[in-house]
Amino acid sequence: MKGKLILEDGSVFYGQLLNDSRATGEVVFNTSMTGYQESLTDPSYCRQILTLTYPLVGNYGIADVFMQSRKAFVGGFVIGELCTEGSNWHYEESLAEFLTRQNIPCLYDVDTRAVTQKIRSAGTMKGIIVPEDASQAEIDKLLAVPIKTDVVMEVTTPETYTMESESENAPLVVAMDFGVKQNILNSLHNLGCRLQVVSAATKAEDILAMNPDGIFLSNGPGDPADVPEIVAEIKKLIGKKPIFGICLGHQLIARALGAKTYKLKFGHRGSNQPVKNLLTGKVQISSQNHGYAVDEESLQGLPLEVTHVNVNDGTVEGMRHKELPLFSVQYHPEASPGPDDNMYLFDEFWTMLKGEK
């Protein structure tokens, strides 16, 4: 079936529609050459229409071992060539089968370079995926649907669960799930931590009642300004236990301490983002997926110092508290683009946990 992607500025991109389905959402692009399953199942893409710049997608199929959450949360998928015959020793099903089973609208055979150039020049915008013969009335109706940015409660865990450790003396880390990726939890667990994963709606007093050795604030979707109730709970946790935040967790820490966040023109999404560690002078390649950033000017006068910056645009990529055991990064150290350039951040958290204990 022929289909098309229509952006809110009137731009149209044609392709083939995998299933007779529609999608509405913020159109974003990712520049990674691999990891399409990890992106599809990353809750940070909730309700967004994800465009991949790499032209061949699906060539190693789908396997359960690469799932980053319980399901795919993307609103739609726009790609170049859809490979129907995946080759991989992990292979369990084709990408097309997965997209159909997960009810993800997919438009393929698209000039994704043109889509990306449009977003880079004009900025991220709303878009829809529809059949080519969709009526103007249907198009207008879909384009009128507002983009929802307060989506954390759609992706958070519905119930608390534990990842036990073989060690009796393993430090307990309470992970607030704002849309956490499984690889982050695995990285903390592989350190030797015992994890208690809780909903984003969990109150600070309930977390502290668990008597954790540390608290982890996860990645997640949406605008950090849309969840003031979560920021209020994080404020109550600061200074009580060591805290480590990644991505949305990083932004929420900043807001909890009085800083501001803002929306980037087209975000950082890919596995090739260079980040400079200001404490060591080293530059490492990072994997990123975010549309908002911490306003560096708003950090002035606060007990926070910038520790990492993006080499491409100078945005804040990491910070730490000047007195308390608290630090955060905007990027994803667990995603292994280096492949392990940034795993030292988990070691730093482990050191904090042991120091607290």
Side-chain angles (χ1 to χ4, degrees), residues 26-33 39 42 44-45 48 51 53 116-125 149 217-226 231 243-322 326-346 348-349:
E26 182 182 52
V27 182
V28 300
F29 65 88
N30 184 299
T31 57
S32 298
M33 296 175 67
S39 293
D42 180 351
S44 294
Y45 284 114
Q48 292 179 325
T51 302
T53 61
T116 301
Q117 288 179 329
K118 165 59 71 171
I119 296 173
R120 281 184 61 90
S121 60
T124 299
M125 66 183 82
T149 55
L217 307 179
S218 86
N219 64 292
D223 186 345
D226 282 345
V231 172
I243 296 178
F244 177 27
I246 287 178
C247 202
L248 181 61
H250 160 81
Q251 298 163 11
L252 294 176
I253 286 174
R255 294 189 69 89
L257 285 166
K260 298 178 181 178
T261 53
Y262 65 98
K263 187 172 184 177
L264 296 166
K265 183 177 181 180
F266 50 80
H268 299 161
R269 298 176 179 90
S271 57
N272 53 1
Q273 292 281 334
V275 170
K276 183 174 183 178
N277 185 330
L278 300 179
L279 304 178
T280 65
K282 292 183 178 180
V283 174
Q284 281 123 356
I285 299 302
S286 71
S287 178
Q288 302 193 14
N289 174 17
H290 63 102
Y292 295 83
V294 173
D295 182 349
E296 184 172 5
E297 290 187 4
S298 71
L299 296 176
Q300 295 182 11
L302 300 179
L304 291 168
E305 64 177 334
V306 177
T307 56
H308 300 74
V309 296
N310 190 294
V311 176
N312 289 335
D313 61 13
T315 53
V316 177
E317 294 283 2
M319 60 188 186
R320 68 178 180 183
H321 199 283
K322 295 178 181 179
L326 177 155
F327 74 108
S328 61
V329 290
Q330 181 64 77
Y331 54 98
H332 285 263
E334 87 293 340
S336 305
D340 56 2
D341 290 8
N342 301 294
M343 296 303 288
Y344 72 92
L345 294 162
F346 291 102
E348 289 184 6
F349 187 46

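Only heavy atoms go into these numbers, but all of them, side chains included; no hydrogens, no water, no symmetry mates. Fair warning: this is a prediction, and the values are worked out from it, not measured in the lab.
R255 is linked by a salt bridge (charged side-chain N to carboxylate O under 4.0 Å, His left out) to nothing, counting only residues two or more places apart in sequence or in another chain. Remark: D226 pairs with T149 by the side chain to side chain donor-acceptor pair (under 3.5 Å) rule, at least two apart or across chains. With sequence neighbours left out, E334 forms a salt bridge (charged side-chain N to carboxylate O under 4.0 Å, His left out) with K181. Annotation: side chain to side chain donor-acceptor pair (under 3.5 Å) contacts of Y262 (sequence neighbours excluded): none. T280 meets the side chain to side chain donor-acceptor pair (under 3.5 Å) test with no other residue; sequence neighbours excluded. Shown here are the side chain to side chain donor-acceptor pair (under 3.5 Å) partners of S218, two or more places apart in sequence or in another chain: there are none. Remark: K263 engages E26 in a salt bridge (charged side-chain N to carboxylate O under 4.0 Å, His left out) (not counting sequence neighbours). Applying the side chain to side chain contact (heavy atoms under 4.5 Å, CB included) criterion to K265, with sequence neighbours excluded, gives no partner residue. K118 is linked by a salt bridge (charged side-chain N to carboxylate O under 4.0 Å, His left out) to D9, counting only residues two or more places apart in sequence or in another chain. Taking the side chain to side chain contact (heavy atoms under 4.5 Å, CB included) definition, one finds that S271 meets it with S32, S287, P337, sequence neighbours left out.
Distance SG/C247 to NE2/H332: 4.0 Å, rounded to 0.5 Å. From I253, atom CD1 reaches atom CE of M319 across 5.5 Å, with rounding to the nearest 0.5 Å. Rounded to the nearest 0.5 Å, atoms CG (L248) and CG (D223) are 9.0 Å apart. The line from NE2 of H268 to CG of N30 is 12.5 Å long, rounded to the nearest 0.5 Å. Atom OH of Y331 and atom CG of N289 lie 15.5 Å apart (nearest 0.5 Å). To the nearest 0.5 Å, atoms CG (N272) and CG (N312) are separated by 8.0 Å.
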Derivation and outcome, side chain to side chain contact (heavy atoms under 4.5 Å, CB included), residues N219 and D42: CA-CA 9 Å; N219 64 292; D42 180 351; 3.6 Å; yes
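Closest heavy-atom contact between S44 and Q48: O-OE1, 3.7 Å. Minimum heavy-atom separation, G270 to T31: CA-OG1, 3.6 Å. Nearest approach of V294 to V316, heavy atoms of both residues: O-CG2, 3.8 Å.
At least one donor-acceptor pair under 3.5 Å links the side chain of N342 to the backbone N or O of I285. For the pair Q251 (side chain) and T261 (backbone), a donor-acceptor distance under 3.5 Å is absent. Side-chain atoms of T124 do not come within 3.5 Å of backbone N or O of V28 as any donor-acceptor pair.
N310 and Q273 share a side-chain donor-acceptor pair at under 3.5 Å.
Residue pairs satisfying the salt bridge (charged side-chain N to carboxylate O under 4.0 Å, His left out) criterion with at least one member in residues 306-322, sequence neighbours excluded, are listed as follows: E305-R320. Among pairs with a residue in residues 273-293, none fulfils salt bridge (charged side-chain N to carboxylate O under 4.0 Å, His left out), at least two apart in sequence or across chains.
No side-chain heavy atom of H321 sits less than 4.5 Å from a side-chain heavy atom of I243.
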